[in-house]
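All heavy atoms count here, side chains included; hydrogens, waters and symmetry mates do not. Lettering follows sequence order; numbering is per chain, from 1.
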There are 2 protein chains.
Amino acid sequence: MTVQRVSRSSRSTAFKEVRSRLRSRGLRWTPQRRALIDVLSATDGHVTGAELVELCRDRDPETTPSTVYRTLEVLEEIGLVKHSHGRDGRQEFHIAPASEHGHAICENCGEVRELSEGDVAGLVGSLGKRGFAVDLSHLTVGGLCPRCGNSGVPLA
Amino acid sequence: MTVQRVSRSSRSTAFKEVRSRLRSRGLRWTPQRRALIDVLSATDGHVTGAELVELCRDRDPETTPSTVYRTLEVLEEIGLVKHSHGRDGRQEFHIAPASEHGHAICENCGEVRELSEGDVAGLVGSLGKRGFAVDLSHLTVGGLCPRCGNSGVPLA
DNA sequence: GAGCTTGCTGCAAGAGGTTGCATTAGCATC
DNA sequence: GATGCTAATGCAACCTCTTGCAGCAAGCTC
Ligand SMILES: [Mn+2]
Ligand SMILES: [Mn+2]
Ligand SMILES: [Zn+2]
Ligand SMILES: [Zn+2]
C-alpha cells in the first residue's frame, strides 16, 4: 500500500517535470506522449524502439510507430532518453542515465555491458586531441564476451 | 594502354583467387557473385550495402538485393570484405583492409575517420582484461568533428 | 467557453535489410 | 554431353524505421 502510493506519486512528479520541460519549449503534452513516458518509466536498462512500440500497444492498441519514434526524438532532445545502436544497428533506448556511457556487445550471445569512464578514457583523449568530440552514447564496440570467446560461432 | 592491361590482369587474378577460395569450401562461382566482386574491386574506402546494390544494378538491372546481401555475407566469411556500421547503424563495407580498424563518425556532417591502433589500445586492453575480445571493425564512435564542433546542430 | 495558431498525430509510401521457400543452375561425375 | 546433388537465385513477405502530408487537437487568448 505505502509502496504503491510512493511509486505513484514519484511517477506523477516525473510526469510534471517532463510536461513542463516540453511546455517551456512550446511543445505539447499529449496522451500518446504520456503513454510512452509511462512505459519508459517502467523499463530498466536498454529497450529497442520496436519493443517500446509493442509496450505502448499493450496500453493502447491504436499506437502508431511513427508517433512513438518521433516522440522518442523529442524526449532525446529534452534529455529524458538517450539512444545507442545495438548489433544490426537497431536503436536502443535508455532512460537518461546519470552518466552517458558506451556499450560493448557480444556478437554471439548479444550480451550488453556498459563501458566505464576508464574503459574509454584513452579513446576519448586521443580523439579529443585531434578535435573530435566523442558522443559517448554513440560509442559501441562489438566482440566476444568471456563465455562466447572460446566456443561460439560469431553471428552479427 | 599499358596501365589498362595491368589493371585488367590484376583484376582477373583477384577473381581467380576468390573463385578458388569459394570452390575450396564447396561454394559456387556465379555471374552475380562475379559482378559484385567486380564492383567491389572498383571501389575505394567505405560503401554502404544499398550503394553496392545500385552499383550492381548499373551493370545488371536485374540485380536482386537479397542476392547482393547474401553474397556480401559469404565474401565476409572468406575474408574478402569487412563490414562496420555507420551512423543510423547502416552497414558499410570495406574491401578487406590490411589491418582491421574502428571508425569515428561525425554526427553532423557524416565524415568518417579510421581509428589507429593507438586510439583504441586503451579500450581494447581494458576490455581484454575482463575477457572481452574486441572486434575492431565493429568499433564505432560518434561525435562531432573539428569543423562541426562549434557550429553544427547534431543530427543522428 | 469559442477561436486561433501551430505542434502533433495517423496514414501511406518508401528505404534498407532479412528470411523462407520453390526453382534454377554450378559443377563434379560418368 | 547428359545426370544428379545441392548451393544460389529470385520472389514475396516481413521487420525496423523514416518522411510527407492532411487533418486534428493542445493550449493560449479573450
Ligand atoms: Mn554487424
Ligand atoms: Mn543514432
Ligand atoms: Zn557472448
Ligand atoms: Zn562533421
Please work out if [X] contacts a base, only the sugar-phosphate, or nothing of the nucleic acid, heavy-atom cut-off 4.0 Å.
| X | result |
| --- | --- |
| A/Arg90 | sugar-phosphate |
| B/Ser66 | base |
| A/Thr30 | sugar-phosphate |
| B/Gly26 | sugar-phosphate |
| A/Arg23 | sugar-phosphate |

TODO: Return the angle between end axes of the helix from C/dG1-D/dC30 to C/dC30-D/dG1, with five pairs used per end and rounding to 10°.
DONE: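 The end-segment axes of the helix from C/dG1-D/dC30 to C/dC30-D/dG1 are tilted 10° relative to each other.
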TODO: Determine the minimum heavy-atom distance between B/Cys109 and B/Arg147, stating which atoms define it.
DONE: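 Smallest interatomic distance, heavy atoms only, reads SG-NH2, 3.7 Å.
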Task: Heavy-atom closest contact (A/Val18 atom, A/Ile78 atom, distance) - done: CG1-CD1, 4.1 Å
Task: CG/A/Asp58: more than 12 non-hydrogen atoms of other groups inside 6.0 Å - done: yes
Open item on the list: Return the OG1 to CD distance between A/Thr71 and A/Glu76, rounded to the nearest 0.5 Å.
Closed with: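 Result: 13.0 Å between the selected atoms.
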- [ ] Give me the first and last nucleotide of DNA chain D, going 5' to 3', that has any atom under 4.0 Å from a heavy atom of chain A.
- [x]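 Using the under 4.0 Å cut-off, the span is D/dT16 to D/dC28.
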TODO: Determine which pairs satisfy salt bridge (Lys or Arg N to Asp or Glu O under 4.0 Å) with at least one residue from residues 124-138 of chain A, sequence neighbours left out, and list them in order.
DONE: A/Arg130-B/Asp119
Open item on the list: Exactly one of A/His85, A/His103, A/His83 should register a ring pair (Phe, Tyr, Trp, His ring centres under 6.0 Å) with A/His46. Which one does?
Closed with: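 The passing option is A/His103.
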Open item on the list: From CG of A/Asp60 over to C1' of C/dC8, roughly how many Å is that when rounded to an integer?
Closed with: 15 Å
TODO: Starting at atom CD of A/Gln32, determine the distance to atom P of C/dT9, rounded to an integer number of angstrom.
DONE: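 Distance, rounded to whole Å: 5 Å.
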Task: Out of C/dT9, C/dT19, C/dT6, whichever nucleotide has its closest atom nearest the side chain of A/Arg28 - done: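 That would be C/dT6.
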Open item on the list: So for A/Thr67 and C/dC8, does any side-chain atom that can act as donor or acceptor lie under 3.5 Å from a complementary atom in the base?
Closed with: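 When only heavy-atom distances are counted, A/Thr67 does not reach the base of C/dC8 through any donor-acceptor pair under 3.5 Å.
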Task: Contact under 4.0 Å: A/Arg33 side-chain N or O vs C/dC8 OP1/OP2 - done: yes
